Structure formats: C-alpha cells, structure tokens
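Presented below is the structure to which this report refers.
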Amino acid sequence: MDTLPLSTAPQDWYWLHDIPAGRLALLFLAAFVGFYWLGCVFLRPILRQFVKYTAGANDIVGYVLSCFGVFYGLLLGLIAVTAYQNVADAGANVTREAAALSALYEDVSRYPDPYGQNLRWLLRDYTRYVIKYAWPLQQQGIIPEEGTIRADAFQEELLDFQPATPAEEILHAEALRQFNHFLEARRMRLFSIKSGLPASMWYVMILGAVLNLAICWLFDMRFITQLVLGGILAAYLGTMMFLIFDMNQPFRGDVSITAEPFEVLFKRMNEE
Amino acid sequence: MPRHEPHAPVSGATPRLTRRRALSAGSAATLAAARLLAPAVFTGCSAGLPSGRRPLPLGLLHSQTGTLAISETSVRDAEILAVEEINAAGGVLGRPLEVMCPDPKSRSADLFPKRARQLCERGAVALFGCWTSTSRKAVIPVCAEFKRLLFYPLQYEGNESSEHVVYGGSVPNQQILPAVDWLFSSAGGRRRKIFLLGSDYVFPRTANLIVKKYLRARDIEPVGEAYLPLGHTQFRGVVEMIDASRADCVLSTINGDSNIAFFEALAAGGIDAEKVPVVSTSVGEDELRNLAPEHVRGHYAAWSYFQSVPGAANRSWVEQFRREFGYDRVTSDPMEAAYALVHLWKLAVERAGSVATDAVRQALREGLEVAAPGGPLRVDPKTQHCAKPFRLGRIRADRQFDIVHESAGPIEPDPYPQIAFPGWKCDWMQGGLERGAEVRIDGDV
C-alpha cells in the first residue's frame, strides 16, 4: 500500500474511559438516580394521570414492571457476558501475540549472523514500539499503524534468508509458521481495539432503563418511599450500565488489558 | 428576490422570543457546554486543554524496508532516543514531542519526497532523515514548499548548500581529504599510489573529483580509478586492476552490500591491510556486522565518530542506547549525528522561543553548539553545515575500531572546496549562494 499510515481518529466520548473506575461508577450512579429523582418531581405527576382512576393500579403496574424487568434483565445479563467475553478474547489475543513473538525470537536467534542479529533487532524494535507507542494509542481507541511497518520490515528480512542446510530449512519453515501465528494474533489485537457494542444496542439498553424507571413513576405511594425504592432500582441499573461500559472497550479504562506480556518479553529480549 | 418559507420571519424582522424557543436554545447551549467541558472537568484530558500542551509532531524520514533499511533503522532509533530524552526532561517549550515515522521503502527518488510531503501535511514542524544524496535532493523542494527544515545526518559529497537543510554529517574537507593527508604522513606510511574506487553514483563521483584535484595540486595522479554499480558483487576484475596498478592504498567510497563482495575478493586476491590498506568512507560499525572480520581487519575507515571514542559522555550514550534498544546494538557516525541534530533543533527552538522555521533558522545561524557524544557539534552560520572533528579508525577483529588518528579539533565545513569548485561560495549571513564556473562531474548522476 502506497500511503502514509494514518492513525484513525479517536471516537467521541473516549474521554469517559479516562475517568478512574471508581469515579466513573459514581458518575453513572448519580446520573441514573438523579434522572429518576428529577422524573419523580417533574414527570411523575403527569404520568400518574394515566392510572389515577384505575382500580388496583399498583398491582397492574407491578405486574408490568415484573414482566419488563425479566426481559430487560435478560438483555442486560447477556450483554454483560458478551462484553466480558470481548475483553477475555482480546486479552487472549494479546497473550497469543506475545507468545508467538517469543517463539519467533527463539527461532531467529538460531539463524546465522548477520541475519539472526538483524531479525532479533527487528523483533525487539517491534516489541518496544508496541509497549511504548502502540499501547497508549490503543488506550485512546486509536489503531496504531506504524507497527505494520515494523512487521513488514521483519518479514522482508526473514524472507531474504536462504537456508543452506537441511537443519536451516527446518528452522526457517518453523520461523515462517510462527510468523504467521504472530501476524494472525496481531491482526486480532488490532481488530479488537475498536470492538464494542454497536450503537443500536446502547440505544435499546438506555431506552429500556428509561422505561423501567418510567414504570416506577406510575406507582401510587408516598413520595419519599418512591424516591428511595425507585432510587435503589436506578442505582442498580446505573451500576450495570457502568459495568458494561467499562468492559465494552478492551484496551480502555481502568478495567483494561495491559501490555504486561510484551513487557515481560522485552525484558527477557534485553537481558540476553 | 429571495424566497421565504411560509410563516418565516421576513429578513430584517426580529423573531419573537417564545418560551419554546428560549427552552430549546437554553437546552442546546447547556448540552454544547457540557460536551465541551465534560472531558476537562472529569478527566483533565487533552480534549479540553489549550493547544499549548499538545504534542509537537516531528517527522523522521528513514527507510524501514528495502536495501537501506538496516542502516537507516539505526539512525531512526538514535533520533527516537533523543526525542524520548527530551520528552523525559519536559519537552520543548513545555510541549512533548511526537514522532511520525513513515516508511519511504528505500525509494529515494519517489517515495522520500512523497512521505516528506505527507509528514508536512500532517503538521510535522521539522524533518529529520534521508540517507542517499538522491533522497535529500528530492526532499529539498518539499521543504521549500512547506517551509520546513530538513536535518540531514549523513556525510556527503558537498557541492550543495540549501537554506532548507541543516547538514549534520561531514563534507569531504572534514572526512576524505584529512584521510588523504594521513596517508601522506609518516603514520600513514607516506603512501602516494592511491587507487580510487567507488560505487557509481553522485557521492563517490563528486568526492573523487575533489580528491583528484587535491592530489593534482600536490603533483600526484591516482594510479587507478574504478566505479561499479550499487549492489555490484563481482570484484575480481577490480582487485586485479588494483594489483596491476601497484597501488599502495585504496580510497574506497563503495557503499552498501558491495563492500562484502569487495573485501572478500580483496582477501581472495592476496591483498591484505599490511600490503594495500583500504580507507573506506562508508563502512561504519553497522556495516561491519555484515563483513567477515578476517577480511576487513587492519583496514581503515574515516569518520567523525566511532563507538570506541573515549570519554564518559560517549560511554554513557552507548550504554543508554543499548539499554533502550538492545544489548548487542552498536552506534555509528550517522547515528551520533542524527541524535545530536535532534538536540540541536531543540536548542534552536528554545533559543527562538518558537517552532516557526524562520525563527529556528535564525537561531541556528547564531552558531549554536550541542555536546554530542563524540564531541561538540557546532553549526556554521554561513553554510548550515556543522564543524566536526575527523577521526581515522583501524578495524578490529571484534568489528569495532581502534582510533589511530584524530584532528586537533573540529574542522570547519567547506561544502565547496575551491580546489574543485572555484568561485563557488556560500554565506547565508550575506546573500546566500554565490555561483562559480560550472563544474562537470564525470558520469554526472
């Protein structure tokens, strides 16, 4: 490709992931409880008009809330599991990439110099770039693209080597196999930088939360009781939303994948 | 006559402020303010910070694939080390530096200028890099168009002075001519029968033109001269020519991988360093990794810097480089120059109080000096080249150099030696370039 690699622009609202997890959880909680309480003051009197003269209104509202809660709870649960799975998969890809890199480093260390030395340098260069430059970009939701240049440089040097003995042929074939594993894991890591729930799913979740709270406003009970009981429900919804949001982007926020596998590898590469 | 929507207020009439409008406007303003301020309020991140804290982008223009990659990657690493040092010390004018390293893929004529253009378009405030003279010459028009400075770290042939370039490497009067003087000296064996050998491109052709004029001024003619294409590997004929010429030394401007084949053929031809020493101008520590020690031991290389330069500053730099990039990495002359040029740019920006090219250039023309690992590096305000010391190293078995000769101090740069380019002068303090008679370089490339 004959173009200058450009890092993709960070997504809007990426800054929310920069907030420490504790503060972000409080923010979600405050937003949900605050929304519910404000609704109690301003919207509840209007909504109550719909059920005001219905006999057993609280029972009906309670039944609707239970039904709705089951479906919404299922949705939230499944989404939370998906988000967690996403983080776990991305973490596995990072570990797989570092492991392939480590195996590749071992393989090329047995190549005759200067090939062996050049290939080791290039792998070290790649690892250093991932730790020092690619990871901070990933944490902002930007796909780092200069790593591709480094991987290309390694591939070029690797393919330039002509095995002279049967032993070198076997070693070279193994190195090429490891290189393909490495490339695959690397691509998976890059793909997972922007992986996350689609916008439509967020809209459904938020709409569901609003409807949940709106149903609570229909209950006929003491104002203070409504504030407390509904507030508890709103707080829990906020906590669930926070959990899903924080796990949604595998490389962002406090609950994110670190570059530790690469750091361990780089330390070992530099110790030899 | 403009058309109006039905019921829309006619141009010039003041719209009535209704409660709905006030509420809409208020909500929109609140949301916009929240969107703008929230990042800063909650995280203190850059989205809400003034531009004064945003990183300053620097463009590093080095091939990372292709034939030049192995040499250029090391130079890029030296520049990255300098940038990281600067960032660790607080950045430049309170702003951190950010490096952009695209890959010109060793394609000097087309991809180097293209990448330079892309870097400038992406906001690089200065460019560092290039390797071959072809790439440098191709990038200069881009620098002129975007008003950027190129900091070029390589030794080169001279015969050029652009106000858009700061030349950090040696020119012939700082590298090749002192090497010739040393060959004439008793320490060098009072050798007079010099064979000129080079790759066939602009640097060897121009450098050897200067050497020939220099020799003729001393009533000496080279005993032979040969040029071979870059990447050439058949040197048996050349070795026979050297043998037949009864040369007592070879001045080599062979570049790249051809050195492997040349030294191999030389050893196979029974010519050793005792009999006919080769003084190379393009073989450094990085290139020695590819050469068999038994073929090159005892031969010489002319540079301004060697990894084996004594002194605490150099030892510390070499250690730091190895700590960051690997225990078996080596440092070389172009790497040292590249590292020093980044620090020189920083010094100039701080002196100017701005990253604007004109201000930086003006600051550089004050004759700024930085402490490079191999000694002080000072900009000559007249030529925008650097005053540098000359060192001659003898190749050891461990692919390092014993320094056998060193100039008394830094040598002032002369990109237009009058002996070869009569009438040509450069003084950017007074009118710039003064052209002399046209000089034809054989095999002009």
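Throughout, protein chains are lettered first and strands after them, A, B, ... in sequence-line order, and every chain is numbered starting at 1. Side chains included, hydrogens not; waters and symmetry mates left out as well; all remaining heavy atoms used. Quantities reported herein were computed from a predicted structural model and do not represent experimental measurements.
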Is atom [atom1] of [X] surrounded by more than 12 heavy atoms (other residues, nucleotides or ligands) closer than 6.0 Å?
X        : atom1 : value
B:Arg297 : CZ    : no
B:Glu145 : CD    : yes
B:Gln400 : CD    : yes
A:Trp37  : CH2   : no

Roughly how far apart are B:Arg289 CZ and A:Gln117 CD, rounded to 0.5 Å? 4.5 Å
How long is the span from the CD atom in A:Glu156 to the NZ atom in B:Lys105, to the nearest 0.5 Å? 9.5 Å
Interface residue of largest heavy-atom contact number with chain A, from B:Arg76, B:Glu98, B:Arg323, under 4.5 Å: B:Arg76
Out of B:Val99, B:Ile80, B:Asn290, return the one with the most heavy atom pairs under 4.5 angstrom to chain A. B:Asn290
Checking heavy atoms, do the side chain of A:Asp152, its backbone, both or neither come under 4.5 Å from chain B? both
What part of A:Asp125 gets within 4.5 angstrom of chain B, counting heavy atoms only: side chain, backbone, both, or neither? side chain
Okay, B:Asp110 and chain A: the region with an atom under 4.5 Å from a heavy atom over there is neither
Side chain, backbone, both or neither: which part of B:Ser74 has a non-hydrogen atom closer than 4.5 Å to chain A? side chain
Top residue by heavy-atom pair count (under 4.5 Å) with chain B, among A:Phe266, A:Tyr115, A:Tyr133? A:Tyr133
Flag the pair A:Arg128 and B:Asp77 as a salt bridge only when some basic side-chain nitrogen lies within less than 4.0 angstrom of an acidic carboxylate oxygen. no
Would you call B:Asp328-A:Arg124 a salt bridge at under 4.0 Å N-O? yes
A:Glu146 side chain to B:Cys101 main-chain N or O, any donor-acceptor pair under 3.5 Å? yes
Do you see a donor-acceptor pair shorter than 3.5 Å between the side chains of A:Asn270 and B:Arg322? no
Where do B:Tyr327 and A:Met269 come nearest, in terms of heavy atoms and distance? CE2-O, 3.5 Å
